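The structure under discussion appears below in the form of structure tokens.
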Amino acid sequence: MIVLHRIDPRRNMARFYALSIERNLLGEWSLVRNYGRIGRRGVFRLDICASRADACAAARRLAQLKALKGYVPA
């Protein structure tokens, strides 16, 4: 699981972005994203991937994109 935060008190910004790789009930690999404001429930998004390696690559890619936007590991 990868958890990232972006906190900027000047802009009243406190966001989180969590990524995890899980198997669903059908045995498929899924990239699960949870993101939103810290202290809130957030939004869940589920992306089905062809393999565990594809899910890992997608998670790494998303984490790198978020790092470019100012997110840091929690």
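Keep in mind the model is a prediction, meaning the values are calculated, not measured. We use all heavy atoms of the structure for the numbers below, so side chains are in, but hydrogens, waters and symmetry mates are not.
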In short, G70 meets R6 closest at the heavy-atom pair O-CG, 3.9 Å

Report yes if the side chains of L31 and L62 come closer than 4.5 Å at any heavy-atom pair, otherwise no. yes

Closest heavy-atom pair, N34 versus F16, reported as atoms and distance to 0.1 Å, is O-CE1, 3.5 Å

Taking every heavy atom of H5 against every heavy atom of V3, the minimum-distance pair comes out as NE2-CG1, 4.1 Å

For the CZ atom on R37, are there more than 12 heavy atoms of other groups (residues, nucleotides or ligands in this structure) within a distance under 6.0 Å?
yes

Here the pair of heavy atoms bringing A59 nearest to I21 is CB-CD1, 4.4 Å

Practice problem: Would you please say whether a donor-acceptor pair under 3.5 Å links the side chains of R15 and Y35? | Solution: no

Of all heavy-atom pairs linking A63 and L19, the shortest is N-CD1, 4.1 Å

On a heavy-atom basis, the closest approach of S30 and L46 is CB-CD1, 3.4 Å

OH (Y71) and CG (L65) are apart, to the nearest 0.5 Å, by 12.0 Å

In this structure, CG of D47 is separated from CD of E28 (nearest 0.5 Å) by 12.5 Å

- So do the side chains of R23 and W29 get within less than 4.5 Å of each other, counting heavy atoms only? yes

